[in-house]
Amino acid sequence: MTLGLKVLAAVVTVLRVVFAGQVSYNEQYRPQYHFSPPENWMNDPNGLVYHNGVYHLFYQYNPGGITWGNMSWGHATSSDLTHWKQQPIALLARGFPDNVTEMFFSGSAVVDADNTSGFGENGRIPLVAMYTSNYIVTQTLPSGKTVQANQQAQSIAYSLDDGMTWTTYDVANPVILQPPAAYSDQILNFRDPNVFWHSPTEKWVVVLSLAELHKILVYTSDDLKNWVFESEFGPVNAIGGVWECPNLFPLVVDGKKSSLKWVLMIGLNPGGPPGTVGSGSQYIVGDFNGTTFTADPDNVYSETTPPPSDSVVFADFEGTGTFADLDWTPTGDLVGQSPVNGTLANQQPVTGYLGKRLVNTYLNGDATTGNLTSQSFTISKRYINFLIGGGRDLENTAMYLKVNGQTVRSATGADSENLLWQSWDVGALQNQNAIIEIVDTATGGWGHILVDEISFSNSIARSQVANWVDMGPDFYAAQGYNGLSSNERVVIGWMNNWQYGQTIPTSPWRSAMSVPRRLSLTTIGGKPTLVQNPTENWKSIVPANSIVHDVWHSVNGNKLLGSVGKSFRVDLTFSDRPSAASGASSQFGIIVRATADFSQQTRVGYDFATKNMFVDRTQSGDVSFDSTFADIYYSPLTANNGKITMSIYVDWSSVEVFGGQGETTLTTQIFPADSATYAQIFSTGVATNDVDVRIYKVSSTW
Ligand SMILES: *[C@@H]1O[C@H](CO)[C@@H](O)[C@H](O)[C@H]1NC(C)=O
Ligand SMILES: *[C@@H]1O[C@H](CO)[C@@H](O)[C@H](O)[C@H]1NC(C)=O
Ligand SMILES: *[C@@H]1O[C@H](CO)[C@@H](O)[C@H](O)[C@H]1NC(C)=O
Ligand SMILES: *[C@@H]1O[C@H](CO)[C@@H](O)[C@H](O)[C@H]1NC(C)=O
Ligand SMILES: *[C@@H]1O[C@H](CO)[C@@H](O)[C@H](O)[C@H]1NC(C)=O
Ligand SMILES: *[C@@H]1O[C@H](CO)[C@@H](O)[C@H](O)[C@H]1NC(C)=O
């Protein structure tokens, strides 16, 4: 009787929560073909499972607010990964709304077709979800287990009606109460179970993260209830923030069934890709035998990446002498000074340099100013590569390449004590005499510059600290579908960032999901590389005929395309080309979501000098809600047979770019005015050849 009343009360709450308010899916910034909840806060995708022809999308959801809190599992279903139907909340924060005692954090779900759990009844196959219980207060649970305030432990729930309603397994939850004894001090940071069936060993496997320690733990089970700790992995590669939301899955390489690799995908917050602020995702390719993940050796990177093998070093700042001894002419406070090691007093450790010494102008702290000028040299290779760090200020903490007294190339750090490779494409400056000048005229915050290993090469040098799933700021906590055929992998990511996610200017909802992406592994640059493409299904909403199809032998300057709308796809191909001799920008691309006067615009394109595609959202519309939002994001992309290919998916508040075959992606949110419907092609520096632009209108899925 009491129980019956409670159940009834819960159902009433759910209905009120889901159907409160009228939403049109036509509000300003409302994604038209990306999933977003009707109202309230959403973050990570959870429990992605395909069963009986239905794709389930559960997600972290606050039924009581538009920022993070009251974490529950929201639910939507789809038959084509494109059109979504909102469903009642699957797991409502326990005690909501008045006295929440347990929140349901991220997790995953499987179809227990063989009824290993014994949850099946009357021939109904159970779906089993595994999630992190976050306990608000110290309490003794119905299972008799005692948990502390803020403890994170792993629990399960099951559904006997194909995922529509769920029962938590209260007689035994949490089924993994705490991490192994060696990590018993980590009970507040133990989360995000990703469970899957491993057929070779006929076991359930779950991977979990010890967030603060940058470790992934592997457990196995026969019945989803009793779990055995097997192994741990990490830390490796990117560790600039907590590790969350691990996913482990197999993929064949180059479509060959005989060549199977496992991919471990891990969310980081903060510490996302270089050039972004906040959260991001990395992946590691390796092998998994049912108990242990082993990274491929060429997927584990050290802090420093060596330059290309053909490099001729111009200046490595090694030895013992002063700048003058090394043939650099110092001015200002740098007169009489020398290169230094990476551990200066009062400075965070400097990382990413090679050898023992580097240029560091943080001598008397940021107060030090002065310049260093190199001897003259003749430009003879395609690239000048160098490691650079320190302040991000092209005027005051910068390095310049000068020819005949004119600055033809420049570079700065990224407000970081970590040196990263940058390159100048000097293909158009061959046989010219040049000098390099290192300038520090800044005294305030980040008023210093770090430089090392200036070298000449015919290849571009890039720092590799991790494989990034997406180089943009807005792709996090991606999760793959369970229940698809064994070699099929489709992931959905949260298209937002913890840096500003809770202040984006949308209402009455916050956050959208990425377009579902089909993953494959393709050998690129000698390594199995993650390749992503939007799933085929959603093409149903793209009419066959393009609204723009322009072919130009050569484009120099701008070509106005007129008003093309707010939700569309652009396919762009063009020929690679050298950068301009003058050091002027050498870019080709398309401006989208521009107002008629182009005061608002989002530039999407390719930089020939650095071989990066980019999204520039500095003038994209409302950027006021976070000081880091107005920025430019880059992602490496090399030409294939001399051609660059980009597919750009534009929605009312996002731009997702897939470069090449899909081996590099850039996902960014934008918040333009409703009137920002114009588009324009641009080519800067010199002309770009063999241009083919197609724009397809995308219909609303709502
Ligand atoms: C949780 O939900 C309650 C009830 O709707 C609401 O009053 C409260 O503000 C919510 N908490 C947060 C952090 O959103
Ligand atoms: C909240 O719920 C817990 C667990 O059911 C209970 O012990 C506590 O007394 C409740 N607090 C309030 C204010 O209702
Ligand atoms: C699943 O196992 C339970 C426990 O053994 C049993 O009661 C139930 O009939 C089984 N259900 C199915 C669909 O096999
Ligand atoms: C997997 O590999 C690990 C490490 O080599 C080994 O200890 C373990 O026994 C292997 N497990 C299986 C199921 O083969
Ligand atoms: C350093 O170089 C900058 C830019 O070329 C110049 O403005 C400044 O006067 C120089 N400072 C010194 C101390 O030489
Ligand atoms: C680095 O330089 C500082 C200051 O000159 C010195 O105290 C320190 O011992 C040096 N460290 C190493 C590892 O050489």
Side-chain angles (χ1 to χ4, degrees), residues 12-14 16-18 20-21 37 39-43 60-72 74 89 92-105 134 136 198-205 218-222 228-233 248 262 286-295 323-324 328-337 359 361 363-364 367-374 391 393-402 405-412 435-443 447-449 451 501-503 507-511:
V12 169
T13 306
V14 164
R16 181 168 63 75
V17 159
V18 167
E39 57 182 1
N40 290 330
W41 170 259
M42 173 179 82
N43 56 289
Q60 287 289 280
Y61 185 60
N62 181 356
I66 196 169
T67 52
W68 187 90
N70 298 311
M71 294 322 293
S72 304
I89 290 176
L92 182 65
R94 204 180 294 268
F96 179 86
D98 304 321
N99 181 19
V100 172
T101 57
E102 178 189 357
M103 298 201 283
F104 298 99
F105 279 10
N134 187 261
I136 308 299
H198 186 256
S199 31
T201 53
E202 300 203 303
K203 294 229 185 233
W204 297 104
V205 174
V218 179
Y219 288 73
T220 60
S221 174
D222 292 319
V228 177
F229 171 61
E230 299 283 4
S231 71
E232 61 176 67
F233 174 80
L248 180 60
W262 285 75
D287 294 307
F288 180 67
N289 68 359
T291 62
T292 307
F293 176 76
T294 313
F323 288 122
W328 285 74
T329 307
T331 64
D333 300 330
L334 298 180
V335 173
Q337 296 290 352
V359 174
T361 64
L363 295 174
N364 178 24
T368 303
T369 59
N371 300 342
L372 295 168
T373 305
S374 77
D393 181 346
L394 263 179
E395 299 285 311
N396 299 304
T397 52
M399 187 162 98
Y400 303 120
L401 181 71
K402 292 189 168 178
Q406 298 296 310
T407 299
V408 293
R409 301 283 184 271
S410 56
T412 73
I435 57 161
I436 289 173
E437 194 175 31
I438 298 170
V439 171
D440 177 359
T441 55
T443 54
H448 61 280
I449 180 167
V451 175
Q502 300 185 83
T503 59
S507 174
W509 81 101
R510 269 213 188 92
S511 294

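We count ligands from 1, going down the list as the structure has it; atoms in each ligand are counted the same way. Just so it is clear, the structure is predicted and the values come from calculations on it, not from any experiment. No hydrogens, no waters, no symmetry mates; every other heavy atom, side chains included, goes into these values.
Taking the six-membered ring wherever Trp is involved, the centroid distance between the rings of F229 and Y219 falls below 6.0 Å. In this structure, F233 has its ring center at least 6.0 angstrom away from the ring center of W262.
Scanning for side chain to side chain donor-acceptor pair (under 3.5 Å) contacts around N62 gives N70, with sequence neighbours left out. With sequence neighbours left out, N289 forms a side chain to side chain contact (heavy atoms under 4.5 Å, CB included) with T291, T292. Partners of F323 by ring-ring contact (aromatic ring centres under 6.0 Å, His included), not counting sequence neighbours: none found.
Between T67 and ligand 1, not a single N/O pair is under 3.5 Å apart. Some N or O of N62 is nearer than 3.5 Å to an N or O of ligand 1, by distance alone. Checked against a 3.5 angstrom limit, the closest N/O atoms of T331 and ligand 5 fall inside it.
We find the CG-CG distance between D440 and N396 to be 8.0 Å, quoted to the nearest 0.5 Å. Interatomic distance, CZ of F105 versus CE of M103, reported as 4.0 Å (0.5 Å rounding). Taking CZ from F104 and CG from N134, the interatomic distance works out to 11.0 Å, rounded to the nearest 0.5 Å.
When non-hydrogen atoms are compared, ligand 1 lies under 4.0 Å from neither the backbone nor the side chain of V100.
By the 4.0 Å heavy-atom criterion, F96 is counted among the residues contacting ligand 1.
For the pair T369 and A442, the tightest heavy-atom approach, listed with the atom from each and the gap, is CG2-O, 3.8 Å.
Using a heavy-atom distance under 4.0 Å as the criterion, the protein contacts of ligand 4 are N289, T291, T292.
Per-residue contacts place W68 under 4.0 angstrom from the following atoms of ligand 1 (heavy atoms of the residue considered): 13 (C).
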